[in-house]
**Q** 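Pasting a structure here, questions to come.
Per chain, numbering begins at 1; letters A, B, ... match sequence-line order.
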Amino acid sequence: MPELPEVETVRQGLEPLTIGRTIAQVSVKHPRALRRNAGSTAAFKKSLTGKKIQKVSRRGKYLWFEFDDSHLLLVAHLGLSGQFRPTAKNVRHERLRINFADDLPGLSFCDQRTFGALYLDEWAATTPVPSSISHIALDPFDSAFELDPVIERTRTKQVPIKAALLDQTLISGVGNIYADESLWRSKIHPLTRASALSRPRLRELFQNVNDVMSEALGSGGTTFDGLYVSVNGESGAFSQRLDAYGRGGQACRRCGKKMVREKFANRSSVRCPKCQPVPKSMPRRRAS
DNA sequence: CCTGCCGCCTGCGCGC
DNA sequence: TGCGCGCAGGCGGCAG
């Protein structure tokens, strides 16, 4: 799944493929690709045609393109399976294509599960991001990210710590994979009430969040089920270094105990029953 | 405001 | 061999 390291890998791959190029034509191959777009498909195409891409930016798992028209923003979210690839005959699940005013291949947005989206937006009034993502918190790779306010806000939360890690309005960029990885590294049970964790424990946890995502970025991200690849089509190598995600039933790499897979908020969660035991302060919810 | 939960999708792998 | 079903999950919206 594309989380922060994967989306950043994609952003870096998009830069040389898009910056300085002028859009000549946009083809919408599947209507769901634009489902978060406010205007019509025709207006979407018209707004982008003739515009030159100047920058590719990111916050959390959101990407956006900036243009020579400073009022125009094209936001992209990869969802679960979105990919940007140079247009080629063998691209599968192509949902949208951008052709440029040159002879090079265009850019295809491909998305098997169609949870991804592309849409036009404008700048938010108060923060330098598209208005549709002004509620998304800073991610740990952002130069303006500050840990102390995040720790203090986390301590006010009555939800399980894993839910807090996945809350994109608290800290952005973390998804199921890196939540499980950082909780395993920190030896914290995912259902531990966020407010029950001490400041030093939260500091350690968020340090592990930053570490594991930094290591994953250095490996080109995590390709788990073939759904995520970088813009050049390469798989990320970090899946081989995962300690928790996808390792249910396998031996804990720290203590050897068999890892357990549990249900958490309609998704899967993997932990070591010995390293991450059930805490005393559990939020009121079924522990399955 | 805070929290929990639903539904949107497709392809794969499993069991019968 | 073939079919049906469960699973994977980010996020917006909505109910309580």
**Q** Ignoring the backbone of A:His135, work out which of C:dG9, C:dG12, C:dG10 is nearest its side chain.
**A**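 Selected nucleotide (nearest to the side chain): C:dG12.
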**Q** Closest approach to the side chain of A:Arg113, judged atom by atom: which nucleotide of C:dG12, C:dG10, C:dG9 is it?
**A**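 Minimum distance to the A:Arg113 side chain belongs to C:dG9.
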**Q** Using a cut-off of less than 4.0 Å, is there contact between a side-chain N or O of A:His77 and OP1 or OP2 of C:dC11?
**A**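 So the side chain of A:His77 is within the cut-off, an N or O lying under 4.0 Å from OP1 or OP2 of C:dC11.
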**Q** Does C:dG9 have OP1 or OP2 under 4.0 Å away from a side-chain N or O of A:Ser81?
**A**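 Result: no.
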**Q** Of A:Asn266 and A:Thr156, whose nearest nucleotide on DNA chain B comes first from the 5' end?
**A**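 It is A:Thr156, whose closest nucleotide lies nearer the 5' terminus.
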**Q** Toward the 5' end of DNA chain B, which comes first, A:Lys157 or A:His93, by nearest nucleotide?
**A**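 The residue whose closest nucleotide sits nearer the 5' end is A:Lys157.
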**Q** Just how far, in rounded Å, is P of B:dG4 from NZ of A:Lys162?
**A**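 Going from NZ in A:Lys162 over to P in B:dG4 covers 15 Å.
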**Q** With sugar-phosphate meaning primed atoms plus P, OP1 and OP2, does A:Arg35 contact a base, only sugar-phosphate, or nothing at under 4.0 Å between heavy atoms?
**A**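 Counting heavy atoms under 4.0 Å across all strands, no contact is made by A:Arg35.
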**Q** Sort out for me which residue in A:Arg153, A:Arg199, A:Arg203 forms a salt bridge (charged side-chain N to carboxylate O under 4.0 Å, His left out) with A:Asp148.
**A**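 So the option named by the test is A:Arg203.
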**Q** Got a donor-acceptor contact below 3.5 angstrom from the A:Ser219 side chain to the A:Phe238 backbone?
**A**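 Side chain of A:Ser219 to backbone of A:Phe238: no pair is present.
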**Q** What is the distance, rounded to the nearest whole Å, between atom CZ of A:Phe264 and atom P of B:dC5?
**A**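 Distance, rounded to whole Å: 10 Å.
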**Q** How many Å lie between OH on A:Tyr62 and P on C:dG10, as a whole number?
**A**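 These atoms are roughly 12 Å apart.
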**Q** From the options B:dT10, C:dG12, C:dC7, select the nucleotide whose nearest atom is closest to the side chain of A:Arg95.
**A**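 Minimum distance to the A:Arg95 side chain belongs to B:dT10.
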**Q** Once salt bridge (charged side-chain N to carboxylate O under 4.0 Å, His left out) is applied, do any residues pair with A:Arg155, and if so which ones, sequence neighbours excluded?
**A**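 Not a single residue meets the salt bridge (charged side-chain N to carboxylate O under 4.0 Å, His left out) criterion with A:Arg155.
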**Q** Starting the side chain at C-beta, find the nucleotide from B:dT3, B:dC9, C:dG9 nearest to A:Val159.
**A**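 Among B:dT3, B:dC9, C:dG9, the one nearest the side chain of A:Val159 is B:dT3.
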**Q** Would you mind reading off the distance between A:Ile133 atom CD1 and C:dG12 atom C1', rounded to a whole angstrom?
**A**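 Rounding to the nearest Å, CD1 of A:Ile133 and C1' of C:dG12 are 15 Å apart.
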**Q** Give a yes/no answer on whether the side chain of A:Lys61 brings an N or O atom under 4.0 Å of OP1 or OP2 in C:dG9.
**A**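 Checking A:Lys61 against C:dG9: no side-chain N or O falls below 4.0 Å of OP1 or OP2.
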**Q** Can you tell me how far OG1 of A:Thr222 sits from CG of A:Leu242, rounded to the nearest 0.5 angstrom?
**A**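 Separation between the atoms: 5.0 Å.
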**Q** OP1 or OP2 of C:dG10 versus the side-chain N and O atoms of A:Tyr178: is any pair under 4.0 Å?
**A**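 No, A:Tyr178 has no side-chain N/O under 4.0 Å of OP1/OP2 on C:dG10.
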**Q** Please convert DNA chain B into dot-bracket. A pair counts if it is Watson-Crick or G-U wobble with both distances under 3.5 Å; crossing pairs go in [ ] and bases paired with another strand get |.
**A** .|||||||||||||||
**Q** Please list, chain by chain and in numerical order, all residues satisfying side chain to side chain contact (heavy atoms under 4.5 Å, CB included) with A:Arg85, sequence neighbours excluded.
**A**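 Partners of A:Arg85 by the side chain to side chain contact (heavy atoms under 4.5 Å, CB included) criterion, ordered by chain and then number, come out as A:Gln83, A:Val91, A:Val229.
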**Q** State whether the aromatic ring of A:Phe115 stacks on the base of C:dG10, taking stacking to mean ring centres under 5.5 Å apart and ring planes under 30° to each other.
**A**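 Check failed, A:Phe115 does not stack on base of C:dG10.
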**Q** Under 4.0 Å: is that the gap between some side-chain N or O of A:Tyr119 and OP1 or OP2 of C:dC11?
**A**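 It does not, given that no N or O in the side chain of A:Tyr119 lies less than 4.0 Å from OP1 or OP2 of C:dC11.
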**Q** If you check the A:Gln112 side chain, which of C:dG9, B:dG11, C:dG12 turns out closest?
**A**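 It is B:dG11.
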**Q** Given B:dT3, C:dC7, C:dC11, which nucleotide is nearest the side-chain atoms of A:Arg36?
**A**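 So the nucleotide nearest the side chain must be C:dC11.
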**Q** Nearest whole angstrom, please: distance from the P of C:dG12 to the CG of A:Asn37.
**A**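 Interatomic distance, CG of A:Asn37 to P of C:dG12: 15 Å.
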**Q** Kindly confirm or rule out a cation-pi arrangement of A:Arg11 over A:Trp64, judged by NZ or CZ under 6.0 Å from the six-membered ring centre and within 45° of its axis?
**A**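 Geometry flag: not set, cation outside 6.0 Å or 45°.
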**Q** Using whole Å, report how far CZ of A:Arg153 lies from P of B:dC1.
**A**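 A:Arg153 atom CZ is separated from B:dC1 atom P by 12 Å.
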**Q** Answer yes if A:Met259 and A:Ile188 sit in the same cluster of Ile, Leu, Val, Met, Phe, Trp and Tyr residues linked by side chain heavy atoms under 4.5 Å apart, and no otherwise.
**A**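 No, A:Met259 and A:Ile188 fall in different hydrophobic clusters.
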**Q** In whole Å, I'd like the distance from the CG atom of A:Leu34 to the P atom of B:dC8.
**A**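 Computing the A:Leu34:CG to B:dC8:P distance gives 20 Å.
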**Q** Just how far, in rounded Å, is P of B:dT10 from CG of A:Leu80?
**A**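 Going from A:Leu80 (CG) to B:dT10 (P), I get 12 Å.
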**Q** Check whether any side-chain nitrogen or oxygen of A:Arg32 sits under 4.0 Å from OP1 or OP2 of B:dC9, and answer yes or no.
**A**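 Yes, A:Arg32 has a side-chain N/O under 4.0 Å of OP1/OP2 on B:dC9.
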**Q** If only atom types and distance count, is the side chain of A:Glu181 paired as donor or acceptor with the main-chain N or O of A:Asp243 below 3.5 Å?
**A**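 Side chain of A:Glu181 to backbone of A:Asp243: a pair is present.
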**Q** Hey, quick one: are A:Val174 and A:Leu217 part of the same hydrophobic cluster, counting side-chain heavy atoms closer than 4.5 Å, chains of contacts allowed?
**A**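 Yes: a chain of side-chain contacts under 4.5 Å links A:Val174 to A:Leu217.
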